[in-house]
Each structure stands twice: as structure tokens, then as C-alpha cells.
2 protein chains.
Amino acid sequence: MTRVLVIDDEPQIVRALVINLKARKYEVDAAHDGATALRLAAARHPDVVVLDLGLPDMDGVEVIKGLRGWTRVPILVLSARHSSDEKVEALDAGADDYVTKPFGMDELLARLRAAVRRAEPAGGEEEDVLVETAEFTVDLAAKKVNRGGRDVRLTPTEWHLLEVLVRNTGRLVGQRQLLQEVWGPSYGTETNYLRVYMAQLRRKLEADPSHPKHFITEPGMGYRFER
Amino acid sequence: MTRVLVIDDEPQIVRALVINLKARKYEVDAAHDGATALRLAAARHPDVVVLDLGLPDMDGVEVIKGLRGWTRVPILVLSARHSSDEKVEALDAGADDYVTKPFGMDELLARLRAAVRRAEPAGGEEEDVLVETAEFTVDLAAKKVNRGGRDVRLTPTEWHLLEVLVRNTGRLVGQRQLLQEVWGPSYGTETNYLRVYMAQLRRKLEADPSHPKHFITEPGMGYRFER
DNA sequence: GGCGGCCTTGACGCAACTCTGACGCCCCGG
DNA sequence: CCGGGGCGTCAGAGTTGCGTCAAGGCCGCC
């Protein structure tokens, strides 16, 4: 869940924000002065900060600098001042966005979403998914298989087949399903393909290919990958 | 140098932006319609995009989506519309910021700086900038390749290809992904480009180009850079 | 206007991969 | 005991993909 830190000294604004944010499943912390804000930020590590520049105890820009000293968390500034200088100062101090009051709640929430979105990790879906067995290691992200310290070369079909099986570790995958996922939807009965390529995989990955421990045949049904 | 792509069909606005940006040492490309914009973005790979929503040939939101299909480049939207719905739509389509016309040039530039700043690599200190192998060294920040004490000259395309591979060191990069990142989103099947340019890279960087140790071909799938 | 560098494109030989058929084995049921 | 279906193995044929070279076109620079 996304955590938001709201910093404002006007209770009605804080209330409006908190209600709207919670309704949209954000987790919300609130602070009414700069000192509390900096403490809360350090303690709670919010995913995004909404900061009103007009605080009782310190200048809003100082809060920005205080945060930027140690974090790149997105900061969305609220302010009653329309002056261009104020905006420039806040943005150059490290703010990510600047909204002038009165603001539309829809717009603020959209800007918040934008700020959170771009702070997300760069890789859309790449994470090093490692699957290990006693004999070998499969890296689904890098498309690599390592065995005894050496990379094993797999052909596209071999890799594809391995991937489907590994993604279903421990589960039985039917022959029809395997054929359709690897060779395409118009296949389904060519079980000889499976026999040939399973043999290749076993030869390349199993310690004893004729007595497989990981690539198990379920006669008449399909195959199963076990770690 | 930071490269900016300005997309607007009003000549006077484009002129004002171009003059101000160039005065501040930005490199500027300009497009006056959406189709040109998408083509230019693919060809020039700007560091930030300034986009006016009111274009003659297509909806601005479509331009945003077109860009977001393959790049996370910051997009700063300009618009004459103050409506909240428009802002929300643009931001949720993937825009990073939204400025209504008339706008203050100072503010726009500050927002531009903010957008560029947060797009910079996360690591405060330089880390992955230098990638070394036994034969050569790639400096991603300086865009330089050194081999045996001498700088190697690479053409723009060669460098781009190298950069994508090095940024994914150890990982397999699919041919479609390579083509789209280097040649633009409308490419995907021209694998002969890859063959030609991989050959160039190997000739310039590998000790034995016909038996590459670093630029590995994975037949039918893609290429992989190994240190 | 000529020149050089760079990008595109096509052709060709070769290696790798996929497909296919044949054969033998094992398990199970008749 | 015999027969059949499903599976594993092997090797050859056909196709695809890769590396290489060279020619042509485009653009910027001198």
C-alpha cells in the first residue's frame, strides 16, 4: 500500500486530504509543522509527501531541503502563493510538483499518482527470479541457466519449454497445455515434440538423464518440474 | 547536454521556448504535430518532452500514450484548458506535469529542471558508470570506450546498441527489444540491422571478433553482453 | 559541389535449430 | 504369455537464422 505524508497546519485541509486519500486506499500520516514532518518522514518512510509551504515553525523550503538531504521521495508542494519566484524556489530546492490553492482534489490526486508512478522502479517487470535446484540454477529474468559454474546453452524451444515448466514448479503441466504454450495454439497432439525436447533438457540439465529427478514424466498426462 | 523535444503547433510559443532553452544550454528539437513528434522522439531520444495538447493531427493524450509505449522520458504538458478532467486524463495517461497557458517562463523552466533532475540515475554517487572487461572499458556517463589506452570511435548507432547491452550486463536482451530501443518503436523485425551492427561492435571491441567473448549471440532469441 | 562518414539493404555460405520417422523399451491389460 | 500404447533415444532431412561482405543512398562538412 502506498504511504502518504501530509504536512499542513490548516486542519480542514488536512482533514479533506486524509479522507480522500484513505478512501482511495492510501496509508496516511499527517504532520502540522515542519519539525514533526521531518521526524515522521524519517520514521515512516512515506512513498510520497504532500507539503504546504505555509508552516508555523519553519519555512517550507527548509523542509524540502531537510528531506532532500537523505531521500528522493517525491514531494508535492501546496501553496497559497501564486508568485512565480516561490514556485521556482521550491522546485529548485527539490520539490517535484507545485499546486496552488485552492486546488481541485481530482487534480491533486492525479498529480499524486503521477509522482508515485514515476518513482517506481525502472524495470517494468524485471526482477531476478532465481530458481535453484541441487544441480542447476535458472534465472528467468536473464534467461540463463547455470550448472556447476558454467552457463548452459539452450535453444529457443528448449528455453521456452523450461520456462513454462519452471513457472509451474511442482505442478503438473498437461501435454496439450505445454504444446500450446510453446508451439502455439494450433498444436496439441504432437506429443513427440515433447518427448524430443524433454530429452534434450534432461541431457543438458539432469545429473543422470535416464533417471530424471527434476523433469518428471506423468504418463498419459504431462510433465512436472520439481526442485 | 540535456536534449529537449518541444511539441507545439503555435510558432510563437515554439520560438519563445526554443530561444529560452537554447540560451540555457539545452539542445532543442521541435515538432509541430504529433506524428512528427513521435518520429523525432524515436530518432533523437530526448531527455525531456514539452508537449502542447492542442495539436492539429492527433489528440495530445494519444501522443503521451505513444511515447509511454516504449519510453519513460519525462513529459511536461502545456495546455490552454484549465479543466480538471483534462489534467487528470493527461496525468493518468503518463504525463509528469501539467502547466496551463499562459505560463511563466521561469516556472516552466523550473518544472523542466525538476523533471530532468528526478529522471537522473538514482544513485547519488556514480557507480555503474564504468564497466570494465579484460579487453576494454565502457564509460556510460562520458559515452566513451577505451581499449588498450586508446579511445575507440563508435558511431551513434553503435554506441546506442552498446549502451543498451551494457546496461543489461549478463542479461539476455531480445532482438525485438534491442531494435525498439535503438531504432525506435516501429522496428522489431529488422534483425539484419542487428547482425550488421553487432559485427561492427565485435570488430572494434573483441580481441577475436569471430569468436566473441563479450557479445554473445543467443540464436533465435537475442544478444547478451558478458564482462 | 565534391567528399567522407554513416546508415540501410541485398546476397551468399554456413552453422544451428527444428522437425520427422524409425526403433526399442517398459508397463499394463488381455 | 502375448500385444499394444506410451515413452525415450537416435540420426537424418529440411528450414531458419547468423555472420560477412559489398554496394547504394543520405546527410553534413569542407
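First the proteins, then the strands, lettered A, B, ... as listed; each starts at 1.
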Subject >> Where A115(B) and P74(B) come nearest, the two heavy atoms and their spacing >> reply: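 Shortest heavy-atom separation between A115(B) and P74(B) comes out as O-CG, 3.7 Å.
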Sorted by position of nearest nucleotide on DNA chain C, 5' first, the leading residue of W183(A) and Y193(B) is Y193(B)
Expected list for residues 150-173 of chain A near DNA chain C, using heavy atoms below 4.0 Å, is R153(A), T155(A), P156(A), T157(A)
(request) In sequence, state the C-alpha distance, the side-chain angles, and the governing distance for K144(A) and E226(B), and then conclude on salt bridge (Lys or Arg N to Asp or Glu O under 4.0 Å). (result) CA-CA 12 Å; K144(A) 250 193 192 174; E226(B) 293 281 7; 2.9 Å; yes
Of all nucleotides in DNA chain C that come within under 4.0 Å of a heavy atom of chain B, which is furthest toward the 5' end and which toward the 3' end?
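Here the contact window of chain B covers dC6(C) to dT9(C).
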Between E158(B) and K204(B) (salt bridge meaning N to carboxylate O under 4.0 Å), is one present in this structure?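 Salt bridge present between E158(B) and K204(B).
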- Judged by atom type as modelled, is there a donor-acceptor pair below 3.5 Å linking the side chain of R202(A) to the main-chain atoms of A207(A)?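 Between the backbone of A207(A) and the side chain of R202(A) there is no qualifying donor-acceptor contact (under 3.5 Å).
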Tell me whether R147(A) contacts the main-chain N or O of E206(A) through its side chain, where contact means a donor paired with an acceptor under 3.5 Å. yes
Does the plane of the ring in F136(A) sit parallel, tilted or perpendicular to the ring in F225(A)? Use 30° and 60° as the thresholds.
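The arrangement is tilted - the two ring planes meet at 30° to 60°.
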Nucleotide by nucleotide, nucleotides 5-21 of chain D touches protein heavy atoms under 4.0 Å in the pattern (B base, S sugar-phosphate only, - none) -SBBBB------SBBB-
- Item | Working for salt bridge (Lys or Arg N to Asp or Glu O under 4.0 Å), residues D47(A) and R3(A) | CA-CA 5 Å; D47(A) 299 302; R3(A) 197 197 310 272; 5.3 Å; no
Practice task
Going by the side chain to side chain donor-acceptor pair (under 3.5 Å) test, name the single residue among Q180(A), E181(A), Q175(A) that passes it with Q177(A).
Solution key: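 Passing option: E181(A).
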Only residue of D106(B), D96(B), D97(B) satisfying side chain to side chain donor-acceptor pair (under 3.5 Å) with R111(B) is D97(B)
Show your reasoning for whether salt bridge (Lys or Arg N to Asp or Glu O under 4.0 Å) applies to K101(B) and E10(B). CA-CA 12 Å; K101(B) 294 195 274 192; E10(B) 301 178 51; 2.9 Å; yes
